[in-house]
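Below: one structure, written as C-alpha cells.
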There are 2 protein chains.
Amino acid sequence: MTRPTPTRRHAIADDLRNQISTGRLKAGERLPSEAQLAARYRVSTPTLRNALALLQGEGLIEKIHGSGNYVRHPLRRILYVGGGCAPAAQTPTEWDLHTTVRTTQLRAHGHLTALLKVSPRSPLTEILCLSHEGESPHSLARIYVPGDLAPAGIPGEVLVARLADMRPPLAEVQEKASARLPTEEEATVLRISSTLAVLAITRIATDTTGRVVEAALLVLPGDRADAVFTIRHPVDVRRAEA
Amino acid sequence: MTRPTPTRRHAIADDLRNQISTGRLKAGERLPSEAQLAARYRVSTPTLRNALALLQGEGLIEKIHGSGNYVRHPLRRILYVGGGCAPAAQTPTEWDLHTTVRTTQLRAHGHLTALLKVSPRSPLTEILCLSHEGESPHSLARIYVPGDLAPAGIPGEVLVARLADMRPPLAEVQEKASARLPTEEEATVLRISSTLAVLAITRIATDTTGRVVEAALLVLPGDRADAVFTIRHPVDVRRAEA
DNA sequence: GAGTGGTCTAGACCACGAG
DNA sequence: TCGTGGTCTAGACCACTCA
C-alpha cells in the first residue's frame, strides 16, 4: 500500500531530497544539468525531469530556464492571519517585505458583481498588490472596493493605508480558503511552478449596513504559506441554531 | 504575456474542456482511449496524456487505470465551516454522506506531541474518518485526542458523537489552512490525482484550562472544497463575549 | 485475453540565459 | 554562441480492468 508502484522518479527524488536535507546540496547551489543527472542515475531525461518536478512541487528546488536547477533557500513561512482588517497579508513585517501596489479603475463584471453585491458596470477600484520578501515573490492580492470608497487620484500605497479609516466599522469578515493550482499568470508572477499548489483566500468585508466594502482575492504559494483562523469562546453551533 | 509558450497540450485541453462544458461530452461518459485521442489530435501519447493531466488537475476528468478516462460528475462542493465544534467536516448532510470511522490507540510521537502539547509516548486515541458522498470519497480526517478523553471500547461512530459532551467547554479553536499536493496515500484514499492540490486544515481545540483536547488533521480535495471562516463584529470583541 | 492506462526510453528541435 | 531547460515524438513494456 505504501508503494503502489515503485517508480524510478521517486527513488531519484528521494535521493536528491536526502542530499538537500543533509546539506550535501546547499541552499542556492546549482544542481548538475539535467543531462548529467540523467546520466548519473542511468535514466532518460524525461524520467529525470519527472523526479525534479516532484521536488519542485515540494518547493525544494527552483528551475530557471536556460540556467539550471537550484536548491531553494528555505524561505520564511508566510502566515496569513484571518479575521483581519488589513487589506494584505499581515505578517509582522520585521524583514524587508516591500509591496508593489497598482490601482486601476474598472467596472464591475463577471463574478465581481456577485462578490461585491453590486450591479454590473458599477465603478470599482482594483488594488493589485505584489509583495516581495527580498528577492522572492511573496504574495499576490487583488482587492476590489466600490469606487466611492476609494477616490481616484490617491497613490496606491496611501490608499491601502487609508482604506480602513474611510469606511464605517465592519460588521462581518468572511474568508473562504481553497487550494488549487495557480493560473499561468499567477505562476509567473509568484515565480512558482505551475504544479505547486496555491492557497487562495477570498475575503469579503461587510459593514454594519450589510454593504460589501471590500473583496480581496489573495494568492499565496502553497509551499510556504499557512492561514490561521482563531476563534475564542465559540458557541455551540447546534444549540445556537436551535 | 497571455501565451508564454503556445503548447499543444493546452490547445487540446482547451478543446476537451469546451466539449465538456458545452455538453458534447456528458458527465460520466468515457472519453475515447488515449491512443485514439492521440491519433485524432495528431500528437504522441505523452503529449495527449499531458493534456489530460491538465484537465485532471482541474477536476474535470477522472482516470481509471485499465478502464479509461471519464468526465466527472459535477460534484457538490464541500464546504468546511470553520470555528466549528463537530469533529469532521460539517456540511449539512442532507445527502447520503456516510462516514467510515476507525479508532486506534497509540502513543504520542513526532509532531503529534507538539500539536497536542503532550509528552512523548503519552496515550492518544486516533480517530480516522473517511467520508463518502455516494460513490466518491469526500474528505479524510485524522483526529487525535488525549487518551483519557476517549475511553477505549466505544465504537468509533459513538465516540465521535459523544466527544463534544465529554469535555469541558472549549476556550479556543485554532484552524490552520494550507494548500499542498496530496501524499500518495491521501491521493489513493481520496481517489484524486497526485497532481490535484488538497486543502489541509489543522484544527487545534483548547479547553478553558489551556489543555489541548483535540487535534484534527483534515484533508479535502482542492477541486471541490472550500473552507469558510466568518468573523462577526471583529472590531467590537467585547460585545461577542458578553 | 483484449484493451486500457502507467511508466519509461532515446532521441529531436525550440526557447531562454549568460558570457 | 553555447549550454541550459521546455516541449514533443514514436515507440516499448508492465499493470490493471473487464468480459
Side-chain angles (χ1 to χ4, degrees), chain A residues 1-16 28-57 60-72 135 182 184 187-188 191-196, chain B residues 1-16 28-57 60-72 135 182 184 187-188 191-196:
Chain A
M1 181 63 82
T2 46
R3 298 194 67 183
T5 308
T7 70
R8 277 168 116 131
R9 60 167 180 270
H10 286 124
I12 297 172
D14 289 346
D15 185 51
L16 290 172
E29 193 172 341
R30 212 206 81 170
L31 272 65
S33 76
E34 301 189 345
Q36 287 175 319
L37 285 175
R40 173 187 305 177
Y41 289 108
R42 311 280 194 142
V43 294
S44 66
T45 37
T47 301
L48 183 106
R49 285 172 57 72
N50 281 333
L52 294 182
L54 294 177
L55 299 178
Q56 204 182 4
L60 286 177
I61 65 171
E62 180 178 4
K63 298 176 92 80
I64 300 182
H65 190 165
S67 173
N69 295 278
Y70 294 85
V71 180
R72 275 184 41 177
E135 282 295 307
E184 292 283 338
T188 55
R191 297 234 286 144
I192 58 178
S193 98
S194 55
T195 63
L196 199 157
Chain B
M1 181 62 82
T2 45
R3 299 192 67 184
T5 308
T7 69
R8 285 197 205 236
R9 59 168 181 271
H10 286 125
I12 297 173
D14 289 346
D15 185 50
L16 290 172
E29 192 172 342
R30 212 206 79 171
L31 272 64
S33 77
E34 301 189 345
Q36 287 175 319
L37 285 175
R40 173 187 306 178
Y41 289 109
R42 311 280 197 139
V43 294
S44 65
T45 37
T47 300
L48 183 106
R49 287 172 56 72
N50 281 332
L52 294 182
L54 294 177
L55 300 178
Q56 204 181 4
L60 286 177
I61 65 170
E62 179 178 4
K63 300 178 89 81
I64 301 182
H65 190 165
S67 175
N69 295 279
Y70 295 84
V71 180
R72 278 187 35 181
E135 283 294 307
E184 293 282 337
T188 55
R191 298 235 281 143
I192 58 178
S193 99
S194 55
T195 64
L196 199 156

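Throughout, protein chains are lettered first and strands after them, A, B, ... in sequence-line order, and every chain is numbered starting at 1. Every heavy atom of this structure was used, including side-chain atoms; hydrogens, water molecules and symmetry mates were not.
Contact check for Leu31(A) versus Tyr70(A): no side-chain heavy atoms found under the 4.5 Å cut-off. In this structure, Ile192(B) and Pro182(B) have side chains that are in contact, with non-hydrogen atoms separated by less than 4.5 Å. Put simply, the side chain of Gln56(B) does not reach to within 4.5 Å of the side chain of Leu196(B), judged on heavy atoms. Annotation: side chain of Leu60(A) is not in contact with side chain of Leu16(A) (no heavy-atom distance under 4.5 Å).
In this structure, Asn69(B) reaches the sugar-phosphate backbone alone: every heavy-atom distance under 4.0 Å involves primed, P, OP1 or OP2 atoms, never a base.
At whole-Å resolution of the value, CD in Glu34(B) and C1' in dG3(C) are 12 Å apart. Counting to the nearest Å, the C1' atom of dG17(C) and the NZ atom of Lys63(A) are 15 Å from each other. In this structure, Leu54(B) atom CG and dT7(D) atom P are separated by 10 Å, rounded to whole Å. Residue Ile64(A) contributes atom CD1, which lies 19 Å from atom P of dG3(D) at whole-angstrom precision. Counting to the nearest Å, the P atom of dT7(C) and the CG atom of Leu52(B) are 14 Å from each other. With rounding to whole Å, Arg8(A) atom CZ is found 5 Å from dT9(C) atom P. Taking atom CZ of Arg9(B) as the reference point, atom P of dG6(D) lies 10 Å away to the nearest angstrom. Regarding Ile12(B), its CD1 atom lies at a distance of 14 Å from the P atom of dT7(D), rounded to whole Å.
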For nucleotides 10-13 of chain D, give me every protein contact, N/O to N/O, under 3.5 Å, one pair per line with atom names.
none

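Contact annotation: Arg49(A) side-chain N/O to dG5(D) OP1/OP2 distance is not under 4.0 Å. Remark: Ser67(B) is not in phosphate contact with dG3(C), judged by side-chain N or O atoms under 4.0 Å from OP1 or OP2.
Position along DNA chain C of the nearest nucleotide to Thr47(A) versus Gly66(A) favours Thr47(A) as the more 5'-ward residue.
Using a 4.0 Å cut-off between charged nitrogen and carboxylate oxygen, Glu34(B) and Lys63(B) count as a salt-bridge pair.
In this structure, Asp15(B) has no salt bridge (charged side-chain N to carboxylate O under 4.0 Å, His left out) partners at least two apart in sequence or on a different chain. Judged as a salt bridge (charged side-chain N to carboxylate O under 4.0 Å, His left out), and not counting sequence neighbours, Arg9(B) has no contacts.
Counting only heavy atoms from C-beta on, His65(A) has its side chain closest to dT4(D) among dG5(C), dT7(C), dT4(D).
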